[in-house]
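Below: one structure, written as structure tokens.
Below, all heavy atoms of this structure are taken into account, side chains as well, without hydrogens, waters or symmetry copies.
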Amino acid sequence: MLSGGGGGARFLRGLVDAVDPANVTAIVNVGDDLDVLGLSVSPDLDSVLYALAGLSDEERGWGRAAETWHALEAVETLGGEAWFRLGDRDLGVHLVRTQALRAGDPLSTVTARLAAALGLEATILPATDEPLRTWLDTPNGSFDFQHWFVARAHRDPVDRVRFEGVADAQPAPGVLEALHDVELILIAPSNPFVSIGPILAVERIRSALERRRVPCVAVSPLIGGEAVKGPAAAMLGRLEGGATAAHLAQCYAGLIDALVIDEADADDDHAVAELGVRPIVTQTLMRDAGARRKLAEAALDAVALA
Ligand code: GDP
Ligand code: CA
């Protein structure tokens, strides 16, 4: 499964409920990664790790449950950089990761160690071990992902998404194997431009998907033409000309065989089918564990249909 850290991480929880987690590999976006206060932070990888370990704060929608903020308060008092919210518990992961990266371990090795320490059975892979950073060109200037998303609250309309470092980015160890030796490839209900986009921008990942011999099924992050959360619909409108399921299918042209869309978008089914993508209509709001699992099962059923 290709995943970002929000809808992607939640969907992954449903997936490991529906199938043996040992059979699941998540290939996770690293375009959002950043250095904060000298620490290497990988927000999407951490969201996935926390979600699968049952540590996420479900109400806040990011970070860890039972979080406290003493370290960041101290930073702020001292005039340090405090716009990117790092909780005390969360800091533990960033400390361990940063030390290992500085000692020369690749991000994939560090991630595997964190996953094992958290007792996870699924395989969690960064899309690449090389630095790949998402940049947004907007009418108000160019911003790296977190400055656009967090500091500026993704208010600037996006004219272009770029991936710094992508030309040198190779798939992390295990990524191509995971795309080759599987029954099904899933694209999570994540933002197609800034969560899945950076993964697909790695040339050898995209070409592996184009040459796939197994079905690839995406799940739409839209419900009734709106994102459940975040800028996906606004970006689809500006970059693809509309925020329908068909516009989303267009983003994944040549890469997906089926698209799971919400009942509220059922009218888009013909337009999706005209693109050569089989529409699968179901309820897609992951309001609880049962809904997450059902959505995963609907996507998995595509194997039987293929
Ligand atoms: P990020 O790393 O936090 O930006 O997260 P993702 O890109 O993985 O997920 C963000 C997307 O998840 C948004 O576009 C939401 O519309 C979508 N999303 C969140 N919750 C749900 C849900 O319950 N159902 C569906 N279909 N999409 C969801
Ligand atoms: Ca993200």
Side-chain angles (χ1 to χ4, degrees), residues 1-4 6-29 48 122-123 125 175-192 195-197 199-200 205-224 228 232 236 244-287 289-306:
M1 183 183 114
L2 276 49
S3 178
R10 296 173 68 201
F11 181 74
L12 196 49
R13 285 182 77 183
L15 188 60
V16 298
D17 242 4
V19 299
D20 181 352
N23 291 334
V24 173
T25 300
I27 300 170
V28 181
N29 173 39
V48 164
T123 303
L125 302 174
V175 167
L176 293 182
E177 293 81 346
L179 290 172
H180 197 259
D181 307 325
V182 286
E183 282 171 70
L184 175 68
I185 300 170
L186 292 167
I187 299 182
S190 292
N191 185 306
S195 292
I196 304 301
I199 305 175
L200 298 177
I205 297 183
R206 172 174 283 271
S207 58
L209 271 177
E210 284 168 351
R211 286 182 279 106
R212 72 194 178 280
R213 268 169 289 173
V214 296
C216 178
V217 181
V219 181
S220 172
L222 301 173
I223 298 187
V228 177
L236 275 165
T244 69
H247 290 97
L248 179 76
Q250 195 77 61
C251 291
Y252 296 137
L255 301 175
I256 61 170
D257 305 289
L259 179 64
V260 179
I261 65 175
D262 195 80
E263 286 172 351
D265 299 307
D267 289 351
D268 297 341
D269 61 351
H270 288 295
V272 171
E274 270 172 27
L275 295 166
V277 174
R278 178 199 301 269
I280 300 171
V281 180
T282 188
Q283 281 178 19
T284 71
L285 185 66
M286 296 178 280
R287 62 169 66 79
R292 285 194 295 260
R293 183 186 168 131
K294 268 196 175 157
L295 182 57
E297 283 167 350
L300 291 166
D301 282 347
V303 184
L305 296 172

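In this structure, CD1 on Ile196 lies 6.5 Å from OG on Ser3, to the nearest 0.5 angstrom. Rounded to the nearest 0.5 Å, atoms OG (Ser207) and CG (Leu200) are 11.0 Å apart. Expressed to the nearest 0.5 Å, how far CG of Leu15 lies from CZ of Arg293 amounts to 10.5 Å. A distance of 10.5 Å separates CG of Leu12 from CZ of Arg292, quoted to the nearest 0.5 Å. Rounded to the nearest 0.5 angstrom, Leu255 CG and Ile187 CD1 are separated by 6.0 Å.
The side chain to side chain donor-acceptor pair (under 3.5 Å) analysis of residues 246-265, with sequence neighbours excluded, yields the pairs Arg212-Asp257, Thr244-His247, Asp262-Thr284. Residues in residues 6-21 take part in these side chain to side chain donor-acceptor pair (under 3.5 Å) pairs, two or more places apart or across chains: Arg13-Glu58.
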Take Leu2 and Ser190, measure what side chain to side chain contact (heavy atoms under 4.5 Å, CB included) needs, and give me the verdict at the end. CA-CA 9 Å; Leu2 276 49; Ser190 292; over 6 Å; no
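Contact between Ala266 and Ile261 at its shortest, heavy atoms only, is CA-CD1, 4.3 Å. Minimum interatomic distance between Ala302 and Val217 (heavy atoms only, all atoms of both residues): CB-CG2, 3.2 Å. The two atoms that bring Pro221 and Pro192 nearest to each other are CG-CD, 4.5 Å, heavy atoms only. Minimum interatomic distance between Thr282 and Ala298 (heavy atoms only, all atoms of both residues): CG2-CB, 4.0 Å. In terms of heavy atoms, Leu259 sits closest to Ala245 at CD2-O, 3.5 Å. Taking all atoms of both residues into account, the shortest heavy-atom contact from Gly7 to Met286 is O-CE, 3.6 Å.
When side chains are defined from C-beta on, Met1 does not count as touching Ile27, because their heavy atoms never get closer than 4.5 Å. Using a 4.5 Å heavy-atom cutoff, the side chains of Leu236 and Cys251 are in contact. The side-chain heavy atoms of Asp301 and Ile280, taken from C-beta on, include no pair separated by under 4.5 Å.
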Could you list the donor-acceptor pairs under 3.5 angstrom formed by side chains in residues 175-186, with sequence neighbours left out?
residue, atom, partner, partner atom, Å
Glu177, OE1, Gly174, N, 3.3
His180, NE2, Arg213, NH2, 2.7

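At distances below 3.5 Å, not a single donor-acceptor pair connects side-chain atoms of Ser195 with backbone N or O atoms of Gly4.
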